[in-house]
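Per chain, numbering begins at 1; letters A, B, ... match sequence-line order.
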Amino acid sequence: MKGIVESRGKAAAGEVSEYEDSSFSAQVIAWQKQHGRHKLPWQNTRDAYRVWLSEIMLQQTQVAAVIPYYQRFLERCPDVFSLAAAPSEDVMALWSGLGYYTRARNLHKCAQRVVAEYGGRFPEDPELLADLPGIGRSTAAAIAAFSYGRRAAILDGNVKRVFARVFGVDGYPGAKPVEDRLWLRAVALLPPQDIESYTQGLMDLGATLCVRGKPACERCPLAGRCVALAQDRVAELPVSKPRKAVPEKETVMLVITHGEDVLLEQRPDSGIWGGLLSLPEIGVADAARFDTAVRTLVAPYGELAGCRKLQPFSHVFTHFKLHVAPFQVALSSRSQAIAERGLLWYPAHRLADAPLPAPVKKLLLGVLGTRDLLSVV
DNA sequence: TTCCAGGCCT
DNA sequence: AGGCCTGGAA
């Protein structure tokens with residue numbers, strides 16, 4: 001019973017209380033009015049067409065790069081009707097240089113749908129906006145807020161960064177669960193009015209003060225409540241995208257010896273360790289039937305005298321990690337006909353100068369150092 | 001020179 | 001989850 005009460009109490013303190021935290025939005029709004037950007041070409045208008053056009057251009061593209069494109073675009077296509085009627089080549093030409101050309105194709109399609117389905121007037125409902133091509137949840141909210149004063153939450157990269165720092169949000173903001181929680185915050189923090197200033201304020205904070213590197217915390221209106229700043233974790237938040245787990249592969253390498261010689265294999269020119277000599281390998285699938293695999297491999301080359309497991313090791317490449325399970329196999333006799341498989345007997349005393357991959361050479365020299373290499377196990 | 005962020009879509 | 005494409009950072 002007590003546990004339930006406590007956990008509910010915790011949740012309320014951590015999340016729900018912010019629903020009533022009007023000071024957050026108030027601080028953002030006050031800062032925006034005094035220090036935010038007010039003179040951008042797409043501001044000071046409620047023309048949904050202009051707002052929409054600017055928001056699409058501003059996806060993945062910085063303000064400075066967008067401005068000349070925005071103005072040129074508006075000269076050629078001053079309204080949604082002219083854009084809808086324009087040839088695609090013209091639209092693409094106007095977009096040329098901005099990148100992410102799917103945006104331009106979606107822009108054109110969207111204009112045509114707004115004309116066909118809404119008589120040329122962008123809908124006010126963020127959910128309807130988000131159904132249009134190229135408009136996701138965040139862009140829909142921005143358009144609805146700036147064009148119609150609708151109380152809708154944005155969550156773009158800038159806002160994620162601000163939230164991650166102010167509230168000390170751990171975890172990569174692009175990850176589903178983290179992003180879901182950020183959306184909850186974004187909605188809960190929405191002010192009752194002044195949605196335009198608030199929305200623009202969040203964008204401007206992220207773009208001008210709460211930037212990725214070297215944020216200007218001394219000028220930030222949220223510094224007094226910023227968890228990252230208080231904990232000196234501004235540089236660590238938001239958590240950067242986790243490197244995709246390096247694929248891992250495993251193999252079994254055989255150190256096959258006879259007398260003073262080791263059996264080496266010429267590797268193909270392409271692929272890992274291309275063109276080098278290395279040890280013969282068998283797949284890990286064969287490890288279950290290890291004895292059989294070894295005998296099958298070795299039989300053509302001589303009599304099996306002994307076998308033992310060596311110290312496993314791993315090697316990290318740029319694109320994967322290789323786990324190697326080496327085994328030593330000693331032969332009491334050997335045949336000569338081995339060249340057809342790219343195999344060759346190599347004198348142990350020349351291994352130090354052999355064209356071997358570093359980890360393989362290390363393995364062989366290590367085994368050699370024990371003097372066990374040359375003895376029958 | 002390489003690495004990474006960024007909103008939407010498939 | 002990965003591709004799109006570029007500018008800015010490392």
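- Residues A/Thr102 and A/Ala64 each lie close to DNA chain C; by heavy-atom proximity, the contact nearer the 5' end of the strand is made by A/Thr102.
- In this model, the phosphate group of B/dG6 is not approached by any side-chain N or O of A/Thr61 to a distance below 4.0 Å at OP1 or OP2.
- At the heavy-atom level, A/Gly213 lies nowhere under 4.0 Å from the strands shown.
- A/Arg137 places its CZ atom 14 Å from the C1' atom of B/dG7, with the value rounded to the nearest Å.
- Here the side chain of A/Tyr101 is nearest to one of B/dG7, C/dC5, C/dA9, namely C/dC5.
- Atom CG in A/Leu107 sits about 17 Å away from atom P in B/dG7, given to the nearest Å.
- At whole-Å resolution of the value, NZ in A/Lys214 and P in C/dA10 are 8 Å apart.
- Ring centroids of A/Tyr49 and A/Phe81 are separated by 6.0 Å or more, keeping the two rings apart.
- Distances from the side chain of A/Asn106 to the nucleotides B/dC9, B/dA5, B/dG7 place B/dC9 closest.
- Look at CG on A/Leu132: it is 19 Å from P on B/dG7, rounded to the nearest Å.
- Checked for salt-bridge contact, A/Asp79 and A/Arg50 miss the test: no charged N lies under 4.0 Å from a carboxylate O.
- When the P atom of C/dG7 is taken as reference, atom OH of A/Tyr69 falls 8 Å away, rounded to whole Å.
- The base of B/dG6 lies close enough to the side chain of A/Tyr100 for a donor and an acceptor atom to sit less than 3.5 Å apart.
- Atom pair A/Lys160:NZ and B/dA5:P shows a separation of 12 Å (rounding to whole Å applied).
- Comparing A/Lys176 and A/Arg105, the nucleotide of DNA chain C nearest to each residue sits closer to the 5' end for A/Lys176.
- A/Ile154 comes within 4.0 angstrom of nothing in the nucleic acid, heavy atoms only.
- A salt bridge links A/Glu179 with A/Lys160; the closest basic N to acidic carboxylate O contact falls under 4.0 Å.
- Relative to the ring axis of A/Phe167, A/Arg185 places its NZ or CZ within 45° and under 6.0 Å from the centre.
- The CG atom of A/Leu155 sits 16 Å away from the P atom of B/dA5 (whole-angstrom rounding).
- The aromatic ring centroids of A/Trp42 and A/Tyr70 lie less than 6.0 Å from each other.
- Checked against B/dG6, C/dG8, B/dG7, the side chain of A/Arg161 finds its nearest nucleotide in B/dG6.
- Nearest-nucleotide positions on DNA chain B for A/Ser138 and A/Lys241 put A/Lys241 closer to the 5' end.
- Taking atom CZ of A/Arg212 as the reference point, atom C1' of C/dG8 lies 8 Å away to the nearest angstrom.
- Side-chain atoms of A/Gln60 come within donor-acceptor range of the base of B/dG7, with a qualifying N/O pair under 3.5 Å.
- Closest contact between the side chain of A/Gln62 and the listed nucleotides B/dA5, C/dG8, B/dC8 involves C/dG8.
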